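Scroll down for the structure; my scribbles are underneath it.
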Amino acid sequence: GEDVEQSLFLSVREGDSSVINCTYTDSSSTYLYWYKQEPGAGLQLLTYIFSNMDMKQDQRLTVLLNKKDKHLSLRIADTQTGDSAIYFCAESIGDTDKLIFGTGTRLQVFP
Amino acid sequence: EAEVAQSPRYKITEKSQAVAFWCDPISGHATLYWYRQILGQGPELLVQFQDESVVDDSQLPKDRFSAERLKGVDSTLKIQPAELGDSAMYLCASSVPGQVGEQYFGPGTRLTVT
């Protein structure tokens with residue numbers, strides 16, 4: 001079945017870059033996504049990438065997709081304390097609206 | 001900015017009791033989702049509506065959970081009877097059909113079953 005895996009925890013110093021990694025299993029996924037969840041809140045879509053793209057950049061965020069290895073990463077440049085949150089990778093199932101979420105990576109940014 | 005509304009934000013109930021959660025999606029969003037998020041895990045889809053029709057409820061424990069969206073706008077998720085293992089965050093999301101992945105989430109209802 002579908003499975004999305006992420007490392008559980010990442011700690012970085014303010015101003016450094018953060019890289020959050022994700023592996024997925026459904027090779028037919030049309031889109032892959034990164035969502036952010038702050039404490040006690042719902043999820044917020046940060047960015048997404050179409051499966052035929054290798055890279056997408058949006059301000060401080062860079063998404064890299066290695067479709068051969070089914071590996072997705074999110075790079076946050078100049079990480080700020082406000083970036084501290086849980087980041088979820090998600091894949092769409094085929095071309096449907098259904099999303100499979102990873103377990104989330106908790107990013108902690110320290111001064 | 002339009003938001004998905006959910007209530008209550010927090011609910012504590014005893015096992016075997018009934019509990020209900022309400023969601024009001026963003027106006028014009030025909031697709032509505034209910035997710036369950038267990039602490040330390042990602043959200044898991046329970047049920048998906050397209051207008052008032054259920055599109056996917058394959059992961060909904062139908063012996064105790066029910067969901068409805070009678071007029072194709074707001075929705076209610078019910079659990080009866082609640083069990084200890086139902087303690088989780090229940091998230092509602094909505095989207096415009098065809099905009100794959102661009103789901104807008106509400107703040108969630110945190111359920112604690114004692």
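Residue numbers start from 1 in every chain, and the chains themselves are labelled A, B, ... in the order their sequence lines are given, proteins ahead of strands. Bear in mind the structure is a predicted one, so any value in this text is a computation, not a measurement.
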Checklist entry - Where does Gln37(A) contact chain B at under 4.5 Å (heavy atoms): side chain, backbone, both or neither? => result side chain

Checklist entry - Near Lys11(B) NZ, under 6.0 Å, is it more than 12 heavy atoms from other residues, nucleotides or ligands? => result no

Next on the checklist: Quick check: is Ile20(A) connected to Phe110(A) through a chain of hydrophobic side chains (ILVMFWY, heavy atoms under 4.5 Å apart)?
Outcome noted: no

Next on the checklist: Starting from Val55(B), can I reach Phe65(B) by hopping between I/L/V/M/F/W/Y residues whose side chains sit under 4.5 Å apart?
Outcome noted: no

Checklist entry - Counting a contact as any heavy-atom pair under 4.5 Å apart, which residues of residues 11-19 of chain A contact chain B? => result none

Next on the checklist: Less than 4.5 Å to any heavy atom of chain A: does that hold for the side chain of Arg110(B), its backbone, both, or neither?
Outcome noted: neither

Checklist entry - Is atom NZ of Lys62(B) surrounded by more than 12 heavy atoms (other residues, nucleotides or ligands) closer than 6.0 Å? => result yes

Checklist entry - Taking only heavy atoms into account, what residues of residues 32-47 of chain B are found under 4.5 Å from chain A? => result Tyr33(B), Tyr35(B), Gln37(B), Gly40(B), Gln41(B), Gly42(B), Pro43(B), Leu45(B)

Checklist entry - Which atom names give the shortest non-hydrogen contact between Tyr48(A) and Glu102(B), and what distance separates them? => result OH-OE2, 3.7 Å

Next on the checklist: With clusters defined by side-chain heavy atoms of hydrophobic residues (ILVMFWY) lying less than 4.5 Å apart, directly or transitively, does Leu107(A) cluster with Leu61(A)?
Outcome noted: yes

Item to check | Joint cluster assignment, Leu91(B) & Val113(B), ILVMFWY side-chain distance < 4.5 Å | outcome: no

Next on the checklist: With rounding to the nearest 0.5 angstrom, report the CD to NZ distance, Gln103(B) to Lys98(A).
Outcome noted: 11.5 Å

Next on the checklist: Looking at chain B, which one of Leu43(A), Thr103(A), Leu8(A), Leu32(A) has the largest number of heavy-atom pairs inside 4.5 Å, strictly under?
Outcome noted: Leu43(A)

Checklist outcome for this item: Applying a strict 4.5 Å limit to non-hydrogen atoms, the region of Ser58(B) in contact with chain A is side chain

Next on the checklist: Is there a path of hydrophobic side-chain contacts, each under 4.5 Å between heavy atoms of I/L/V/M/F/W/Y residues, joining Val19(B) to Leu84(B)?
Outcome noted: yes

Checklist entry - Can you tell me how far the CG atom of Leu45(A) sits from the OH atom of Tyr104(B), to the nearest 0.5 Å? => result 7.5 Å

